[in-house]
Amino acid sequence: MSESIAQALNAVREIIGTATRQAGRPDGSVALVAVSKTFPAGAVREAWQAGQRAFGENYVQELQAKATELVDMGIEWHFIGPLQSNKTRSVAELAHWVHSVDRLKIAERLSAQRPAALPPLNVLIQVNVSGELSKSGCRPDEVVELARAVAALPGLALRGLMCIPEPSQDETVLLARFGVLAGLRERLAAEGMALDVLSMGMSSDLSLAIRAGATHVRVGSAIFGNRHYSSDPV
Ligand SMILES: *Cc1c(COP(=O)(O)O)cnc(C)c1O
């Protein structure tokens, strides 16, 4: 590793700070979720030692393994990956946040399986802001109805919206996609559902997302380096 995780984390914090100020938003109004998927528990520990407390995972088995190994560290776990209905139980038990709720059935299972001793699980509705260019997330025209139903579930606290735009080099396109999510939050507020979170922006586009109103950015490779999946030749 040419650069330590602590140094990379500081660089990302600087980028977030600069983008926040340039957007005329208050310092500290954008939270960093460090996406540790595919990286070992030791990498999470290193980031934790550098002050990071919120971590994102995409795969249920990885969340289970790291949450178990790092149980004493008081980590705030964000589940951000696609969620199948047969895997909701561990997420309901281990996560503090789920960013990827895109249908009612998943929300109902998470609510039912959330242990009564824990506070309600914070959830975001993932919206497909890229039309046919993307598969995950509900359609923008489904958000209001889904939000109403999710908000009524006792085991969940609906907090906001999340999106992953299709990859693009074009800032105008990305800003438009992020703008769709921000607009949907306003729409929900007008319908009486005031939500405080917009989860958008990753390593390559976090400054743009902050300009468009992100309250949470999910950053992986800029902190931990390039990912190697187990099927990849390493
Ligand atoms: C992997 C992932 C990220 C982080 O992506 P980077 O480009 O590595 O910052 C953020 N959000 C989701 C949903 C992801 O799957």
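Both counts, for ligands and for their atoms, begin at 1 and track the order of listing.
Side-chain N/O atoms of S199 and R218 include a donor and acceptor closer than 3.5 Å. Counted by atom type alone, Q126 and S100 present zero donor-acceptor pairs between their side chains at under 3.5 Å. Side chain to side chain, S134 and E166 fail the donor-acceptor criterion of an N or O pair below 3.5 Å.
Among pairs with a residue in residues 95-124, none fulfils salt bridge (Lys or Arg N to Asp or Glu O under 4.0 Å), at least two apart in sequence or across chains.
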Output a table of donor-acceptor pairs, distance under 3.5 Å, between side-chain atoms of residues 70-81 and any protein atom two or more places apart or on a different chain; print 'none' if there are none.
| unit_1 | atom_1 | unit_2 | atom_2 | d |
| --- | --- | --- | --- | --- |
| E76 | OE2 | H78 | NE2 | 2.7 |
| H78 | ND1 | H99 | NE2 | 2.8 |

Between ligand 1 and the protein, which N/O pairs fall short of 3.5 Å?
| unit_1 | atom_1 | unit_2 | atom_2 | d |
| --- | --- | --- | --- | --- |
| ligand 1 | 8 (O) | S221 | N | 2.8 |
| ligand 1 | 8 (O) | S221 | OG | 3.0 |
| ligand 1 | 8 (O) | R227 | NH1 | 2.7 |
| ligand 1 | 8 (O) | R227 | NH2 | 3.1 |
| ligand 1 | 9 (O) | S203 | N | 3.0 |
| ligand 1 | 9 (O) | S203 | OG | 2.5 |
| ligand 1 | 9 (O) | G220 | N | 2.8 |
| ligand 1 | 11 (N) | R218 | NE | 2.9 |
| ligand 1 | 15 (O) | K37 | NZ | 2.7 |
| ligand 1 | 15 (O) | N58 | ND2 | 2.7 |

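When the side-chain hydrogen bond (donor to acceptor under 3.5 Å, both in side chains) test is applied to D170, the partners found at least two apart in sequence or on another chain are T172.
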